[in-house]
Amino acid sequence: MEGDLMLLGVWGSPFVCRVRMVLAMKGIDYVYREDDLMNKSPLLLELNPVHKKVPVLVHHGKPIAESLVIIEYIDEKWPDNPLLPVDPYDRAVARFWARYIDDKVNPAVWKALWSPPGEGREAACEEAYEMLEKLEALLKEGDKKYFGGDNIGYVDIAANFLPHWAILIGEEVTGVRILTEDRFPVLCEWAKNFTGSSIGAAHFPEKEKVVSFFKAMQATKSIPYT
């Protein structure tokens, strides 16, 4: 390990999972420390006083916050097995789609999954479908296995909420299925490839644990988005 490297996170966060996947893909050793977002530790508040969220990566005593920022830091600091393309234009495009996923796709899908039955849910689902259609079209370009091509890359990692959390919550907790094979066959195939990959199998949290957690949150009407 190059100096001290510590990751502060929570087990069920797709954003923390992003960082853990990238560290594993790079073969980087680190110390993991679990936090509690319902009772945030003084360490988390000290390391990320602006957003007070996980993940936070601490390298040589210096904290880095926000999962996409952390991933790019790791990719630059440890350039072997690169996640981002070499070409500057292709790198810009990958960053664009990662931001699209965080700013548009994930919030729309989350809203659709948890909207109460009725016209509000229907409208939320339509909004999510519209966002996902752009990802479906992007994957179709060049008949790619992953957004990064033949291998998992930056955009795939950014989209990790979709093949695991979104599908599990929709199928097992709320019954609101957003990613369906009839509507999104290419995205569904991508999801199967991702969850079945060595990195997905090793780092997506256990299905039963995720389902149990969100069912409990549903029962108390307290749904966190970590």
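Just so you know, these numbers use all the heavy atoms, side chains as well, and skip hydrogens, waters and symmetry mates. Numbering of residues begins at 1 and proceeds along the displayed sequence.
A tilted orientation is assigned to the rings of Phe184 and Tyr129, their planes being inclined by 30° to 60°. The aromatic rings of Trp97 and Tyr100 stand perpendicular to each other, their planes meeting at an angle above 60°, with 30° marking the opposite boundary. In this structure, Trp78 and Tyr73 have perpendicular ring planes: the angle between them is above 60°, well past the 30° mark.
One finds the CG atom of Leu5 at 7.0 Å from the CD1 atom of Ile74 (value rounded to the nearest 0.5 Å). Between atom CZ of residue Phe15 and atom CG of residue Asp102 there is a gap of 5.5 Å, rounded to the nearest 0.5 Å. Here OG of Ser41 is found 3.5 Å from CG of Asp35. Values are rounded to the nearest 0.5 Å. We find the CH2-OG1 distance between Trp114 and Thr174 to be 6.0 Å, quoted to the nearest 0.5 Å. The distance from the CG atom of Leu135 to the CD1 atom of Ile101 is 5.0 Å, given to the nearest 0.5 Å. To the nearest 0.5 angstrom, Arg121 atom CZ is 9.5 Å from Leu113 atom CG.
Just one residue in the list Val56, Val10, Asp36 forms a side-chain contact (heavy atoms from CB on, under 4.5 Å) with Leu44, and that residue is Val56.
Remark: Lys26 engages Asp75 in a salt bridge, criterion side-chain N to carboxylate O under 4.0 Å. The existence of a salt bridge linking Glu181 and Lys192 is confirmed by a sub-4.0 Å separation between a basic side-chain nitrogen and an acidic carboxylate oxygen. The pair Glu72-Arg95 meets the salt-bridge criterion, since a charged nitrogen lies less than 4.0 angstrom from a carboxylate oxygen. Comment: Lys53 does not engage Glu66 in a salt bridge, judged by the lack of any side-chain N to carboxylate O separation of less than 4.0 angstrom. Here Asp156 does not pair with Lys145 in a salt bridge; the nearest charged N to carboxylate O distance is not below 4.0 Å.
The closest side-chain heavy-atom distance from Ile157 to Met25 is below 4.5 Å. In this structure, Leu84 and Glu76 have side chains that are not in contact, with every pair of non-hydrogen atoms separated by 4.5 Å or more. Contact check for Cys188 versus Thr180: no side-chain heavy atoms found under the 4.5 Å cut-off. Annotation: side chain of Val58 is not in contact with side chain of Leu8 (no heavy-atom distance under 4.5 Å). Looking at Cys17 and Phe161, their side chains never come closer than 4.5 Å, going by heavy atoms from C-beta outward. Put simply, the side chain of Cys125 reaches to within 4.5 Å of the side chain of Val176, judged on heavy atoms.
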Evaluate the side chain to side chain contact (heavy atoms under 4.5 Å, CB included) criterion for residues Phe204 and Met21: first the C-alpha distance (whole Å), next the side-chain angles of each, then the deciding distance (0.1 Å), finally the verdict. CA-CA 9 Å; Phe204 283 130; Met21 284 178 163; 3.5 Å; yes
Under the salt bridge (charged side-chain N to carboxylate O under 4.0 Å, His left out) criterion, do Asp4 and Lys62 qualify, and how do the steps go? CA-CA 10 Å; Asp4 295 331; Lys62 297 178 180 178; over 6 Å; no
Pair Phe147, Trp190 - check ring-ring contact (aromatic ring centres under 6.0 Å, His included), show working. CA-CA 9 Å; Phe147 290 103; Trp190 163 81; 5.3 Å; yes
Any chance you could lay out the side-chain hydrogen bond (donor to acceptor under 3.5 Å, both in side chains) test for Tyr30 and His59, step after step, and finish with the verdict? CA-CA 10 Å; Tyr30 64 99; His59 190 210; over 6 Å; no
Starting from the C-alpha separation in whole Å, work towards a yes-or-no answer on side chain to side chain contact (heavy atoms under 4.5 Å, CB included) for His51 and Asn48. CA-CA 6 Å; His51 296 299; Asn48 190 3; 3.9 Å; yes
Tell me, with the steps shown, if Lys207 and Glu172 meet side chain to side chain contact (heavy atoms under 4.5 Å, CB included). CA-CA 10 Å; Lys207 171 183 175 180; Glu172 305 287 343; 3.4 Å; yes
Derivation of the side chain to side chain contact (heavy atoms under 4.5 Å, CB included) call for Lys215 and Val211: CA-CA 6 Å; Lys215 281 186 175 179; Val211 171; 3.7 Å; yes
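Taking hydrophobic clusters as Ile, Leu, Val, Met, Phe, Trp and Tyr residues chained together by side-chain heavy-atom distances below 4.5 Å, Met6 does not share a cluster with Leu45. Linking Ile, Leu, Val, Met, Phe, Trp and Tyr residues whenever their side-chain heavy atoms come within less than 4.5 Å leaves Val86 and Val93 in two separate clusters. Ile70 is not connected to Val50 by any chain of hydrophobic side-chain contacts under 4.5 Å among Ile, Leu, Val, Met, Phe, Trp and Tyr, and they are in different clusters. A continuous path of Ile, Leu, Val, Met, Phe, Trp and Tyr side chains, each step under 4.5 Å between heavy atoms, connects Phe96 with Leu83, placing both in one hydrophobic cluster.
No more than 12 heavy atoms of other residues, nucleotides or ligands shown are found within 6.0 angstrom of NZ on Lys104. A 6.0 Å sphere centred on CG of Asp143 holds no more than 12 heavy atoms belonging to other residues, nucleotides or ligands. When the shell of 6.0 Å around NZ of Lys52 is examined, it contains 12 or fewer heavy atoms from other residues, nucleotides or ligands.
Between the side chain of Tyr146 and the main chain of Asn193, a donor-acceptor pair closer than 3.5 Å is present. At distances below 3.5 Å, not a single donor-acceptor pair connects side-chain atoms of His164 with backbone N or O atoms of Thr195. A donor-acceptor contact shorter than 3.5 Å links the side chain of Glu136 to the backbone of Leu187. Between the side chain of Arg18 and the main chain of Ala158, a donor-acceptor pair closer than 3.5 Å is present.
Between Pro107 and Asp103, the closest heavy-atom pair is CG-O, 3.7 Å. Between Pro85 and Ala94, the shortest heavy-atom contact is CD-CB, 4.2 Å. Considering all non-hydrogen atoms of both residues, Val19 and Pro55 come closest at CG2-CG, 3.9 Å. Closest approach of Gly12 to Trp165, counting heavy atoms only: O-NE1, 3.0 Å. Of all the heavy atoms in Ile167 and Ala191, the pair that sits closest is CD1-CB, 4.1 Å. The shortest heavy-atom contact between Ala128 and Ile178 is CB-CG2, 4.3 Å.
For Lys209 and Trp11, the positive end sits near the middle of the six-membered ring, less than 6.0 Å away and at most 45° from its axis.
A donor-acceptor contact under 3.5 angstrom links the side chains of Tyr32 and Glu34, judged on distance only.
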